[in-house]
J.: 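Below is a structure I'd like to ask you about.
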Amino acid sequence: MDSPRGAAVKAEDFGLKGPRGWAFRGVGIDAAPGSLIAVEGPSGSGRTCLLLALTGRMKPTRGHAEVGGHGLPKRMTAVRRIAALGPVSGVNELDQALTVAEQLREGALLQRHYGAPVRAMLRPRAERRAVAEARITAALAAAGLDLATLPKGERTSVRDLERLESVRLSVAIALLGSPGLLALDDLDLKLSDTERAEAWDLLRSVAARGITVLAVCSEAPADAIVLRTSPKEPAGPAGSAGPDAPAVAQSGAGAAADSGSETDTKHDTKHDTKHDTKSDSENDDTKGADDALAEAGRA
């Protein structure tokens, strides 16, 4: 793979409103290239929409953001070129009917057609095949996926992969294009505590290579820059968007932060919902996120 060049991620008062409400709003972040960024929050709080907006797959309706120096929403296409998106339900999922080898070859083929320079297409077929195989081998190594450990090796069906193996395969495919930003949805879904720790270790190793990592999760690690989304108004400076703000993301003070100052966000109210019933406005907020996600289409 080519030497990666991480993308800085910046946003100010960033938001997206769907037909029936805000998916998220009030997002602010200033993360250096090679940062590990976690989008933490409950399901339905706009986490996936924020991920898609920061990778150029959904058009924001408020504020401004920059990814790798490309401004959003004006340069969404440029952001998509440098931001690799892992599987997002209903957007770009892994093909369960393929084998692991077929999924990798498809990823390499798409990269060659849409991400490689024109001169690469003019190389002899044997040379192109050798280059693709080398890229796949390097990507698998970076993702920590050893095909020999799978039940049927490279002929193992994608549907038969364990959840963590699926995450590693997704990372490998994403790395084929040497992205500046790697974005993953629902990282810790259906993972045990041990597997969750392994997944975060994997993303730390990717970030250590210089690639900025953005991952949606239910619980962020202590060393990540954290954006917290919540259907409730946060109790702090981030709540300045107003009492009707349904989903505000807060930038946490992770070990990789490069903003020069730290912000305490431990007081967020994401765990205070057990004794409350959802209001009409909160239901509209969740619908807003669902509507916005439905409009994203295929990445």
Side-chain angles (χ1 to χ4, degrees), residues 1-11 29-40 50-57 65-72 75-87 104 107-108 110-112 114-117 120 131-146 167-185 187 197-217 220-227 251-260 262 299:
M1 294 183 295
D2 299 331
S3 298
R5 184 178 180 182
V9 178
K10 301 179 182 181
I29 185 173
D30 187 353
S35 294
L36 178 63
I37 307 168
V39 181
E40 179 189 83
L50 177 54
L51 181 90
L52 293 172
L54 286 173
T55 55
R57 271 76 178 182
E66 284 188 8
V67 178
H70 303 299
L72 292 170
R75 303 196 64 189
M76 293 175 63
T77 300
V79 171
R80 287 197 296 271
R81 290 196 186 103
I82 64 171
L85 185 67
L104 286 164
L110 289 173
Q111 171 57 31
R112 191 172 73 205
Y114 298 105
V131 170
E133 290 176 356
R135 295 181 76 87
I136 288 174
T137 299
L140 287 171
L145 182 60
D146 184 355
V167 170
R168 292 187 185 279
L169 176 60
S170 302
V171 170
I173 293 171
L175 294 179
L176 289 172
S178 299
L181 174 66
L182 169 64
L184 296 169
D185 193 29
L187 176 69
E198 289 185 42
W200 283 112
D201 283 344
L202 166 60
L203 297 192
R204 289 186 188 96
S205 71
V206 173
R209 294 168 54 86
I211 302 172
T212 305
V213 177
L214 178 66
V216 166
C217 63
D223 60 340
I225 297 176
V226 183
L227 291 174
S251 59
D258 191 45
S259 61
E262 295 186 348

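In this chain, numbering begins with 1 at the start of the sequence shown.
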J.: Might you point out which heavy atoms bring A143 and L202 nearest each other, and give the distance in Å?
T.: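 Smallest interatomic distance, heavy atoms only, reads O-CD1, 3.5 Å.
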J.: Evaluate the side-chain proximity of I82 to H70: yes if any heavy-atom separation is below 4.5 Å, no if none is.
T.: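 A side-chain contact exists here, since the closest heavy-atom pair is under 4.5 Å.
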J.: Taking side-chain contact (heavy atoms from CB on, under 4.5 Å) as the criterion, tell me which of L104, L175, I173 meets it with I136.
T.: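 When side-chain contact (heavy atoms from CB on, under 4.5 Å) is applied between I136 and each of L104, L175, I173, only L104 qualifies.
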J.: Out of D201, I211, T212, which one pairs with V206 under the side-chain contact (heavy atoms from CB on, under 4.5 Å) rule?
T.: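 Single side-chain contact (heavy atoms from CB on, under 4.5 Å) partner of V206 among D201, I211, T212: I211.
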J.: Working to the nearest 0.5 angstrom, can you tell me the gap between L176 CG and L110 CG?
T.: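 If I round to the nearest 0.5 Å, the distance is 10.0 Å.
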J.: Would you say W200 and L36 make side-chain contact, with heavy atoms under 4.5 Å?
T.: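 Yes; the side chains approach each other to less than 4.5 Å.
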J.: Using 0.5 Å steps for rounding, measure from the OG atom of S35 to the CG atom of D223.
T.: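 Interatomic distance, S35 OG to D223 CG, rounded to 0.5 Å: 11.0 Å.
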J.: Would you say V67 and T55 make side-chain contact, with heavy atoms under 4.5 Å?
T.: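 A side-chain contact is absent here, since even the closest heavy-atom pair is not under 4.5 Å.
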J.: For P87 and D185, which heavy atoms make the closest approach, and how far apart are they?
T.: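 Closest approach of P87 to D185, heavy atoms only: O-CB, 3.8 Å.
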J.: Is any side-chain heavy atom of L227 less than 4.5 Å from a side-chain heavy atom of E40?
T.: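 Side chain of L227 against side chain of E40, heavy atoms only: no contact under 4.5 Å found.
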J.: Closest heavy-atom contact between A142 and S205?
T.: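 Shortest heavy-atom separation between A142 and S205 comes out as O-OG, 4.2 Å.
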J.: If we ignore hydrogens and angles and just use 3.5 Å, is the side chain of R168 paired with the main-chain N or O of L145 as donor and acceptor?
T.: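 No: the side chain of R168 does not pair with the backbone of L145.
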J.: With I225, which of D30, L214, V213, I29 fulfils side-chain contact (heavy atoms from CB on, under 4.5 Å)?
T.: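 In the set D30, L214, V213, I29, the residue that makes a side-chain contact (heavy atoms from CB on, under 4.5 Å) with I225 is I29.
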J.: Calculate, to the nearest 0.5 Å, the distance between atoms CG and CD belonging to L54 and E66 respectively.
T.: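 With rounding to 0.5 Å, CG (L54) is 12.0 Å from CD (E66).
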J.: If you look at every heavy atom in P179 and A174, which pair is closest and at what distance?
T.: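 In terms of heavy atoms, the two residues are closest at CD-O, 3.4 Å.
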J.: Indicate yes or no: at least one non-hydrogen side-chain atom of V171 is less than 4.5 angstrom from one of L184.
T.: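 Yes, close enough: below the 4.5 Å cut-off.
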J.: Report the C-alpha separation of L140 and D146 in whole Å, then their side-chain angles, then the decisive distance to 0.1 Å, and conclude whether the side-chain contact (heavy atoms from CB on, under 4.5 Å) test is met.
T.: CA-CA 7 Å; L140 287 171; D146 184 355; over 6 Å; no
J.: Would you check if S178 and R135 make a side-chain contact, meaning some heavy-atom pair closer than 4.5 Å?
T.: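 Touching, per the 4.5 Å side-chain cut-off.
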J.: Minimum heavy-atom separation for A53 and L72, please, with both atom names.
T.: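 Closest approach of A53 to L72: O-CD1, 3.4 Å.
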J.: Pick out which of R81, R75, R80 makes a side chain to side chain donor-acceptor pair (under 3.5 Å) with T77.
T.: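 Among R81, R75, R80, the one meeting side chain to side chain donor-acceptor pair (under 3.5 Å) with T77 is R80.
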J.: Which heavy-atom pair separates R204 from P221 by the least distance, and what is that distance?
T.: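 R204 and P221 have their closest heavy atoms at NH2-CB, 3.5 Å.
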